[in-house]
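The chains referred to below are lettered A, B, ... by the order of the sequence lines, with proteins before strands, and numbering in each begins at 1.
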Amino acid sequence: MNMVVEAGVIKQHLIDPEICIRCNTCEATCPIGAITHDDNNYVVRADVCNGCMACISPCPTGSIDNWRTVPMARAYSIEEQLTWEELPAELTTEQLAGEGVSPSAAEAVEAPATAATQSAATAEPGTVPFNSSAFGATMPPWSAAHAYTNLFSPKKATSATVVGNFNCTEAGFDSQTHHVVLDFGTMPFPVLEGQSIGIVPPGTDAMGRAHQPRQYSVASARNGERPGYNNLSLTVKRVTEDHVGNAVQGIASNYVCDLKVGDKVTVVGPFGSTFLMPNHPRSHIVMICTGTGSAPMRAMTEWRRRLRKSGKFEGGKLLLFFGARTQQELPYFGPLQSLPKDFIDINFAFSRTPNQPKRYVQDLMRERAADLVALLKDEQSHFFVCGLKSMEEGVVLALRDVAQEAGLDWETVGAGLKREGRLHLETY
Amino acid sequence: MSTVNYSEKIPNNVNLGEDRTLQRALEGWQPNFINWWDDVGPDGSTDHDVYLRTAVSVDPQGWAQFGHVKMRDYRWGIFLNPGDANREIHFGDHKGEKAWQDVPGEHRANLKRIIVTQGDTEPASVEQQRHLGLTAPSMYDLRNLYQINVEEGRHLWAMVYLLHKHFGRDGREEAEALLQRTSGDVDNPRILGAFNEKTPDWLAFFMFTYFTDRDGKFQLSALAESAFDPLARTTKFMLTEEAHHMFVGESGVSRVLSRTAAVMNELKTEDAGLIRAAGAIDLGTIQRYLNFHYSVTIDLFGADQSSNAAIFYSSGLKGRYEEGKRGDDHILKGQTYKILEVQNGQLQEKDVPMLNALNEVLRDDFIKDSVAGVGRWNKVLEKAGIPTRLVVPHKAFNRQIGALAGIKMSPLGVVVNEVEWAAKKNEWLPTPGDFAFVASLMGRVVDPGKFAGWIAPPVMGVNRQPVDFEYVRFN
């Protein structure tokens, strides 16, 4: 949305010329004539587009859903866009700073509300496609600690030393997942549970360019994997096949999984200022995850465990829904089993256990509807979802159904969760 | 006779629930449609739950509702884009008059012919593609095929609605006939040639959806300008779906090229035999498929000189592509346009009255659009460091309709004799060997996230779902 927020920064709406098939649907749909074309490209006028999102769902390719944070004065012109063969990269924090845009201003330019959310209020029930991401909060919980972000950029990266690296799934299974501990020595690198960091693999890609940083969620509590040390842990799955099943070596994941104790790694970040745990003692946390999406859940659980051990925390419930293909592929399965039942309520869903029906996290959520309803009614409850993108819709739909079956109005409940920073979605 | 709950089963914005006459007409037609779907619709698809996009209204939020649906239960809807009560005819002899909400008697025959011809192509595509589900290269592609199938079905509904609503008994008979003709049938074929060709394999399917559905885009765009307002509004909405069909074609060929380029780079060879042996489709074969589908498709625009085209335009039935954006007088009398003809063994241009050349005008708009997309395919090769480029053959190559019909012509536009044509034909058009080779690659791959070896995975999944999403559930 080309909405001016602060310091003349906009999220400029752009079309990816590499994916666009020039079918004219966007131009025909746009109600205010913000889209135009020549023989080469379809482009959006930054000064006309009001981010109404009418063009998004009719686009058959997905090329239309691209946004870049730019200083308004430097918005890409029509003439410029018409010559593009590919989309320009996102401006870095430094480039934005060079244009007088502070990181906070850039971050404040919110992603546009989706078309589905906008229409939800007016359309007839059942006629609007369900859009789970519309319910995701863009605010942290009120009692979250302040998060530092972007202390280290790719141009000004820092380094950390590997002080631990082991496989935290059962050896010999497909989804080898490593628990990696990084130590920052005396370099300031404050992180909170729910934040992520970027690791830059050494070397260059086939085009001779430096590798892009790969982002990983922090799996340890705020005071370190080892309490009182300036270190943190990550949960990294070794990628050995691409999304279509062809054998492939994931560059960053294999690099990280193969790190030896004593190795130095290049780190950027930290990132994330909304997917943060609530800190007030009566807050309940419902965690729903798959695979390495467990990293932030492990971090939050561990911080709560330490608080409880120190006698500083009472009350708030912890409820975990954790999905994997099999028990053997579940990271941290052993340690999770040893947590006291009165501390955390754990529900596992396995989708590929031989001779067992497939079970997904949303199936478990429906089974636990009675408990979830109580939590949905409680304003102290926070919901965190992290894992594969394909789970997101099912999970939010399960929440919706649980609410509706209990006679709650989901639009009200869902809107409240979003507004109050109590439903957080981080899927990939 | 089955009855249909129109407000629930058929999403529509034409007040179907309260139009008794129309209801009765559709009640007669709908079971025949389902029978047709069962008989010659997508083969072996009945029990699958497919992740389909269904339109439930014409606003941007309502026309893309995603969910797993059985194809037979798809909600084929009837939609007209929102109307403007004061819309004026903006071209031809009636320019400036109010657009027609009903069919004027003097244009009835021509309008019916236009609608029937358009309507006939929709079930024809489904028939041409009916076997492809059995050889889909991935679950993602299978879903895209099925999406196209149901939308072609919906486009048929759109045309049948117009026939039933505005053409009385004649309309009902024509609507019946749409379900009786069959693509490639010797006795009762589809009206247009390209829609009786076979679509034997997925490369042909991608070429078809790239070129032939693009013909659909230009024909529908021309009809979307029509003075007959219901036709204009219906076709405008159909265009949004046609875009997906072209996307399947463009990205499909692009992914084939990407895979071929990867194999060429891996083996460091341009040898078609080695590339084929590695299970990829060589660029020569792709070029020959392109030559065939392009030349067959440009025939769909009709003869280069046509008095019908002139009548359709002057009477306001069918405009030009982007009529409203053109800066001329929109009447076109006394203007000329250049068309091609062969004189003394040489191609040459000739000026003819613009009104008679409107098929050629639309064909040239199509050609420009097609060529640009082929340029985008070439970028795939360019990026992979492959020096070969695909080219669109000359407009006069392999034509069966109009002044160029039957003239033997090389893809570069040089007139050749029978002997040269016979000697070179196999370099220019797909050979039985090409079809046999491509057919040999067609094995069904339907595990989520897996793809046949001759095609690369797509850049992104449907509706931002992951590529390994369960797009089709086999029950």
Undergrad: Tell me, for Ile19(A) versus chain B, whether the close heavy atoms (under 4.5 Å) come from the side chain, the backbone, both or neither.
TA: side chain
Undergrad: Got a second to check how far Phe247(B)'s CZ is from Ser63(A)'s OG, nearest 0.5 Å?
TA: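 Spacing of CZ (Phe247(B)) from OG (Ser63(A)) equals 8.5 Å.
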Undergrad: Tell me whether the count of non-hydrogen atoms from other residues, nucleotides or ligands lying under 6.0 Å of CD in Glu80(A) goes above 12.
TA: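 Buried by this count: over 12 neighbours within 6.0 Å.
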Undergrad: How many angstroms lie between CD in Glu85(A) and CD in Glu382(B), if you round to the nearest 0.5 Å?
TA: 7.0 Å
Undergrad: Do Val459(B) and Glu18(A) come close enough that some side-chain heavy atom pair is under 4.5 Å?
TA: no
Undergrad: Would you indicate whether Lys325(B), at its atom NZ, is surrounded by more than 12 heavy atoms from other residues, nucleotides or ligands within a distance under 6.0 Å?
TA: yes
Undergrad: Could you check which of Arg214(B), Glu242(B), Gln465(B), Lys217(B) has the highest count of heavy-atom pairs closer than 4.5 Å to chain A?
TA: Lys217(B)
Undergrad: Gln147(B) versus chain A, heavy atoms under 4.5 Å apart: side chain, backbone, both or neither?
TA: neither
Undergrad: Met460(B) and Thr61(A): which non-hydrogen atoms are nearest, and at how many Å?
TA: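 Distance-wise, the nearest heavy atoms are SD-O, 3.8 Å.
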Undergrad: Between Arg22(A) and Asp369(B), does at least one N-O distance fall below 4.0 Å, as a salt bridge requires?
TA: no
Undergrad: Using non-hydrogen atoms only, which part of Lys236(B) is less than 4.5 Å away from chain A: side chain, backbone, both, or neither?
TA: neither
Undergrad: Hey, which of Pro60(A), Pro17(A), Pro31(A), Cys59(A) has the most heavy atom pairs under 4.5 Å with chain B?
TA: Pro60(A)
Undergrad: Please name all residues satisfying side-chain hydrogen bond (donor to acceptor under 3.5 Å, both in side chains) with Glu266(B), sequence neighbours left out, ordered by chain then number.
TA: none
Undergrad: Can you tell me how far apart CD (Glu393(A)) and CZ (Phe469(B)) are? Round to the nearest 0.5 Å.
TA: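 Separation between the atoms: 7.0 Å.
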Undergrad: Please report the closest heavy-atom contact between Ile21(A) and Arg376(B), naming both atoms and the distance.
TA: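 Looking at all heavy atoms of both residues, the closest pair is O-NH2, 3.3 Å.
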Undergrad: List the atom of Thr25(A), the atom of Leu239(B), and the distance in Å for their closest heavy-atom pair.
TA: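 What the structure gives for the nearest pair is OG1-O, 4.4 Å.
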